Amino acid sequence: MSKVHSIALDETMEVDRVLDHLQGKSRGPTVVFFGGIHGNEPAGVFALRHVFKEIRSKHIPIHGEVYAITGNLGALERSMRYQQEDLNRIWFPERISTIMDERQVQHAEEDELKHLYNLLRDILENGKPPFYFLDLHTTSSDTTPFMVMNDSLLNRKYASHYPLPIILGIEEYLEGALLSYINELGYVSLGFESGQHNDGKAIQNCIDFIRYSLALTETVAISEKEKKKLKGAISAIDGVPHRFYEIYHQHLISPQSDFKMLPGFVNFQEIPKGKSIALVHGEELKTRKRRQIFMPLYQEQGNEGFYFIRPIPKVLLWISKELRRFKVDHLLVRLPGVKWKSKVKDTLVVDQRVARFFAKSFFHLLGYRARKFDETHLVAKNRERASKSQDYKETGWFKA
């Protein structure tokens, strides 16, 4: 058992790894909520406790089963983002194999991963599809709630039913996230950022998100009128319109860097050219063009200072869908300097001399997110091949 404290509620509670688990009598999906993957983000944990208590006290029927899982127990007890290493940056297949094979883990976060991985494996082995994995987070700056996810058509289709701003392409900049690992297994997985860490509204936003997600996944049967009301509770949140955005720039903080975000910036804020936004080694960092800022860092722990984002035109989303549907990416390997990384045919290795003739946005249209592979090549990964879309085809949201 670990103790988790909410500044917003001025309340402390004891939690286990499985905060709660509800098993319905009738067939349905397996829905998994994570809270507290970062230890300074307890809002999701308290929101899950509230909703699960509500379901039990009102004897609300469940179809399938629902899990509420607490993430970094040690960091939650200490109200820290992490103890030795960010738990949401170490979910690499090779590293997981090493951790699971070692009799002794290297530090606290590896131990947390080991327990979470065993639980995740057990859920996937014993649960019934379709599977949904929803990770509840908060941010260090004030924010309108939003969703973040890896760019697959399956994720897009599911997320489009939430009246919230949706961020695509985080996997190109943020490595080793739990949801990226799960998405590469082929399942619907996305993150929900509900507000500032210690703001009471963040807990209520999480509660509304959980309730609506249970209705959307058909875990809880409700009328269309009730579902519309739940959707309205999310869409009534002020701020940014429901549309897709993409990340195109990340300001990484090196271990030697003295970085300090200047006060007053919030998610999705439009910043004029020449505006000072941070101090780096005491010198002002200014915008070179008009920008839209995302995830400005206002906490001590963390390696990402901020991102820049831009809205994605609807026509590009449609073009992207059609290009992927017809597997246009398979024509790329006919070009010199482009080849498949393996027989799985989900990852391209591209000579940088060839890649410079293609804008990043072109790879994005085809569903590829590129990273540096070595001095001369990029590696670009696509998640469409892994998507288990067949598991979701009979759901109401998929047919809509």
Side-chain angles (χ1 to χ4, degrees), residues 6-9 33-48 71 79 81 86 88 134-149 159 162-170 173-174 177 179 190-210 212-213 231-251 253 259-272 275 277-278 287 291-312:
S6 167
I7 293 175
L9 300 176
F33 292 97
F34 296 99
I37 292 294
H38 290 135
N40 61 338
E41 302 176 19
V45 179
F46 281 86
L48 286 167
S79 298
R81 182 177 172 90
D86 194 326
N88 209 31
L134 308 173
D135 195 6
L136 307 175
H137 284 268
T138 50
T139 63
S140 61
S141 64
D142 191 22
T143 186
T144 186
F146 63 92
M147 292 164 55
V148 61
M149 65 184 198
Y162 290 84
L164 293 164
I166 303 163
I167 310 297
L168 290 180
I170 189 71
Y173 298 92
L174 190 155
L179 289 183
L190 53 86
F192 174 64
E193 303 273 357
S194 65
Q196 199 276 336
H197 295 328
N198 300 317
D199 190 342
K201 290 187 298 183
I203 298 176
Q204 184 57 52
N205 292 339
C206 260
I207 290 170
D208 293 336
F209 176 83
I210 295 164
Y212 179 68
S213 298
K231 188 173 184 178
I234 300 175
S235 58
I237 297 166
D238 63 304
V240 187
H242 162 56
R243 66 180 306 173
F244 286 90
Y245 295 79
E246 70 169 348
I247 295 171
Y248 66 91
H249 173 77
Q250 175 194 56
H251 182 86
I253 304 172
F259 175 89
K260 184 177 181 181
M261 197 78 204
L262 292 176
F265 294 102
V266 297
N267 270 342
F268 300 97
Q269 181 180 348
E270 293 191 2
I271 313 295
K275 177 77 171 178
I277 58 176
T287 53
R291 304 295 189 189
Q292 191 166 12
I293 202 164
F294 178 63
M295 299 285 277
L297 184 69
Y298 288 109
Q299 60 190 20
E300 291 184 6
Q301 291 179 306
N303 299 321
E304 300 91 25
F306 58 86
Y307 299 88
F308 290 144
I309 59 171
R310 57 192 167 208
I312 305 173

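Computation of the quantities below employed the complete heavy-atom set of this structure, encompassing side-chain atoms and omitting hydrogens, waters and symmetry-equivalent molecules. Values in this document were obtained by computation on a predicted structure and should not be read as measured data.
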query = Distance-only, no hydrogens or angles: does the Gln269 side chain make a donor-acceptor pair with backbone N or O of Ile293 under 3.5 Å?
reply = no
In terms of heavy-atom contacts, Tyr162 and Ser213 come closest through OH-OG, 2.7 Å
Could you go through Phe209 and Glu193, starting from their C-alpha distance and side-chain angles, then the distance that decides it, and tell me whether this counts as side-chain contact (heavy atoms from CB on, under 4.5 Å)? CA-CA 10 Å; Phe209 176 83; Glu193 303 273 357; over 6 Å; no
| request: Would you check if Asp135 and Leu190 make a side-chain contact, meaning some heavy-atom pair closer than 4.5 Å? | output: no
Of all heavy-atom pairs linking Met261 and Pro296, the shortest is CE-CB, 3.8 Å
Heavy atoms of Ile253 and Gly302 approach each other most closely as CD1-O, 4.1 Å
Distance col, row Glu270:CD vs Ile309:CD1, nearest 0.5 angstrom, shows 9.5 Å
- prompt: Is any side-chain heavy atom of Tyr307 less than 4.5 Å from a side-chain heavy atom of Leu174?
  reply: yes
What one should report as the nearest heavy-atom pair of Ile166 and Ala159 is CD1-O, 3.5 Å
To the nearest 0.5 Å, atom CG of Asn267 lies from atom OG of Ser140 at 8.5 Å
Relative to each other, are the rings of His251 and Phe306 parallel, tilted or perpendicular (30° and 60° limits)? parallel
Next on the checklist: Donor-acceptor pair, distance only, cut-off 3.5 Å: does the side chain of Tyr298 make one with the backbone of Thr139?
Outcome noted: no
**Prompt:** Just wondering, do Tyr245 and Pro165 contact through their side chains at under 4.5 Å, heavy atoms?
**Reply:** yes
If you measure only the distance, is there a donor-acceptor pair under 3.5 Å linking the side chains of Gln299 and His197? yes
Does the ring centre of Phe146 sit less than 6.0 Å away from the ring centre of Phe268?
yes
Could you tell me whether a side-chain N or O of Thr287 sits under 3.5 Å from a main-chain N or O of Pro272, the two making a donor and an acceptor?
yes
### Message
Could you walk me through whether His137 and Ile37 satisfy the side-chain contact (heavy atoms from CB on, under 4.5 Å) test, starting with their C-alpha distance in whole Å, then the side-chain angles of each, then the deciding distance to 0.1 Å, before giving a yes or no?
### Response
CA-CA 8 Å; His137 284 268; Ile37 292 294; 4.1 Å; yes
Interatomic distance, CG@Leu48 vs CG@Leu136, rounded to 0.5 Å, equals 5.0 Å
Nearest heavy-atom contact between Ile203 and Ala8 is CD1-CB, 4.2 Å
Review point. Is Phe265 close to Ile271 at the side-chain level, that is, under 4.5 Å between some pair of heavy atoms?
Key: yes
side-chain hydrogen bond (donor to acceptor under 3.5 Å, both in side chains) test vs Arg81 passes for just one of Asp86, Asn40, Asn88, namely Asp86
Tightest non-hydrogen contact, residues Leu179 and Gly191, listed as CD1-N, 3.2 Å
